[in-house]
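Report on the structure given below.
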Amino acid sequence: MREVRLESTWKAHLQDEFDKEYIQTLRAFLLAEKAAGKTIYPRGDEYFQALNLTPFEQVKVVILGQDPYHGPGQAHGLSFSVRPDIAIPPSLVNMYKELQSDLGIEPARHGCLESWAQQGVLLLNSVLTVQHKQAASHQGRGWEEFTDRIIAELNEKRDNLVFILWGSYAQRKGRFIDASRHCVIKSVHPSPLSAYRGFFGSKPFSKANDYLTTHGIPAVNWCLPDVV
């Protein structure tokens, strides 16, 4: 992963991480998996797509996910997002429902969230790769330590960010975020298994924008364009 393309501002903050032993071990694991003929999502040039689309100084909001989608053509490096020609996953369907209830925005006809990323919404998964049809297959291989560093850099070197933590996994990962410097929005996960236990009605999108504008930061336009 030393040769991977990474947006320059993030590279400046994370370059030393790529020299650490755990990253070398992770790289060896991924190479071995590919050599064994296993299919890994997303593509190699999209592992760091969340960072590449949202430079460090442009981050306003962080939406923390867990793993990439593990079906063909779904994952493209952004948490909760899929390519425009792929069916919208159930959790994202529920996010759209809450967005409509919260801000009156009609659900998009696609599941590609690149517009959010380009406005400063860091759509970060805790684990950045997964094996085809094997959910959570790359957990515990080192990605968690890498993404902890990303969150720590934002927590320590930026102010007035919004961290949206849905579900217990994201909330555990974000436990060290300084809530006196940042806005931390928590609820259950938008998954169909839990959304009716407190995700619906939680108004994360308006809460995020209210916090941003209160601190003189432009709000996010959560309305996704029809053509991406």
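Position 1 is the first residue of the sequence, and the numbers go up from there.
Between K186 and V184, some side-chain heavy-atom pair lies under the 4.5 Å cut-off. Residues L92 and L113 are in side-chain contact: their nearest non-hydrogen atoms beyond the backbone lie under 4.5 Å apart. A heavy-atom distance below 4.5 Å is found between the side chains of I150 and L51. With a 4.5 Å cut-off on side-chain heavy atoms, D67 and L128 do not count as touching. At a threshold of 4.5 Å between non-hydrogen side-chain atoms, the residues C112 and H76 count as touching. In this structure the side chain of R27 reaches within 4.5 angstrom of the side chain of L31, judged on heavy atoms. Side-chain contact check for P42 versus Q49: every heavy-atom pair is 4.5 Å or farther apart.
A donor-acceptor pair is defined here as one N or O able to donate and one able to accept, closer than 3.5 Å; no such pair exists between the side chain of K173 and the backbone of T147. No donor-acceptor pair closer than 3.5 Å links the side chain of Q58 to the backbone N or O of Q119. With hydrogens and angles ignored, the 3.5 Å screen pairs no side-chain donor or acceptor of N209 with any backbone N or O of A219. Using modelled atom types, one side-chain atom of W116 and one backbone atom of W222 make a donor-acceptor pair closer than 3.5 Å. Side-chain N or O atoms of N155 include one that pairs as donor or acceptor with a backbone N or O of D178 at under 3.5 Å. No donor-acceptor distance shorter than 3.5 angstrom exists from the side chain of S101 to the backbone of K97, with no hydrogens or angles considered. Between the side chain of H182 and the backbone N or O of L161, at least one donor-acceptor pair lies under 3.5 Å. Judged by distance alone, with hydrogens and angles left aside, the side-chain atoms of S115 form no donor-acceptor pair with the main-chain N or O of C223 at under 3.5 Å. Under a 3.5 Å cut-off, the side chain of T54 and the backbone N or O of A117 do form a donor-acceptor pair. Of the possible polar contacts, none joining the R181 side chain to the I177 backbone as a donor-acceptor pair under 3.5 Å is found.
Side-chain contact annotation: E7 with T9, donor-acceptor N/O pair under 3.5 Å present. If you check the side chains of S206 and D102, you find a donor sitting under 3.5 Å from an acceptor. Side-chain contact annotation: E106 with Q100, donor-acceptor N/O pair under 3.5 Å present. In this structure, a donor-acceptor pair under 3.5 Å is absent between the side chains of T39 and K133.
Once rounded to the nearest 0.5 Å, the distance linking CD1 of I88 with CD of Q74 reads 12.0 Å. With values rounded to the nearest 0.5 angstrom, Q66 atom CD is found 10.5 Å from S191 atom OG. Atom-to-atom distance recorded for N160:CG and K60:NZ is 13.0 Å, nearest 0.5 angstrom. Expressed to the nearest 0.5 Å, how far CG of L123 lies from CG of L53 amounts to 9.0 Å. Atom CD of residue E145 and atom OG of residue S126 lie 11.5 Å apart, to the nearest 0.5 angstrom. If you take CD on E144 and CD1 on I151, they are separated by 11.0 Å, rounding to the nearest 0.5 Å.
You'll find the ring centres of H132 and Y41 inside the 6.0 Å limit. If you look at F80 and Y96, their ring centroids are not closer than 6.0 Å. Checked against a 6.0 Å centroid threshold, the rings of F29 and H138 count as neighbours.
Under the 4.5 Å side-chain heavy-atom criterion for grouping Ile, Leu, Val, Met, Phe, Trp and Tyr, L122 is not connected to I217 through any hydrophobic cluster. Follow the hydrophobic side-chain contacts under 4.5 Å out from V121 and you never reach W10; the two are in separate clusters. Residue V162 is grouped with residue F199 when hydrophobic side chains (ILVMFWY) are merged at heavy-atom distances under 4.5 angstrom, including chains of intermediate members. A continuous path of ILVMFWY side-chain contacts below 4.5 Å connects L78 to M95, so both sit in one hydrophobic cluster. By the criterion of side-chain heavy atoms lying less than 4.5 angstrom apart, applied directly or through intervening Ile, Leu, Val, Met, Phe, Trp or Tyr residues, F205 is not grouped with L165; the two fall into different hydrophobic clusters.
For the pair S187 and W166, the tightest heavy-atom approach, listed with the atom from each and the gap, is OG-CD1, 3.1 Å. Counting all heavy atoms, side chain and backbone alike, I40 lies closest to L30 at CD1-O, 4.0 Å. Scanning both residues, D226 and H110, for their nearest heavy atoms gives O-CD2, 3.7 Å. Across all non-hydrogen atoms, the minimal contact from S91 to H189 is OG-CE1, 3.6 Å. The two residues F176 and D148 come nearest to each other via the heavy atoms CZ-O, 3.9 Å. Heavy atoms only, all atoms of each residue included: P89 and V82 are closest at CG-CG1, 3.6 Å.
A tilted orientation is assigned to the rings of Y211 and H215, their planes being inclined by 30° to 60°.
Take R172 and apply the side-chain contact (heavy atoms from CB on, under 4.5 Å) test, not counting sequence neighbours, and it matches S168, Y169.
A salt bridge is defined here as a Lys NZ or Arg NE, NH1 or NH2 lying under 4.0 Å from an Asp or Glu carboxylate O, and R149 with E153 meets this definition. Look at D45 and R5 and you find no salt bridge, because none of the NZ, NE, NH1 or NH2 atoms lies under 4.0 Å from a carboxylate O.
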Please test F146 against F18 for ring-ring contact (aromatic ring centres under 6.0 Å, His included), starting from the C-alpha separation and ending with a verdict. CA-CA 9 Å; F146 182 75; F18 289 96; 5.5 Å; yes

For K207 and D210: C-alpha separation, side-chain torsions, deciding distance, then whether side-chain contact (heavy atoms from CB on, under 4.5 Å) applies. CA-CA 5 Å; K207 287 178 180 177; D210 287 348; 5.6 Å; no

Carefully, step by step, assess I63 and V61 under the rule side-chain contact (heavy atoms from CB on, under 4.5 Å). CA-CA 7 Å; I63 298 181; V61 178; 4.2 Å; yes

Going through the checks in order, is the side-chain contact (heavy atoms from CB on, under 4.5 Å) test met by S81 and E114? CA-CA 8 Å; S81 180; E114 286 187 0; 5.5 Å; no

What's the verdict on side-chain contact (heavy atoms from CB on, under 4.5 Å) for I185 and F163, showing C-alpha distance, side-chain angles and the deciding distance? CA-CA 6 Å; I185 297 173; F163 290 87; over 6 Å; no

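The salt bridge (charged side-chain N to carboxylate O under 4.0 Å, His left out) pairs that include a residue from residues 29-40 are E33-K38, where partners are two or more places apart or lie in different chains.
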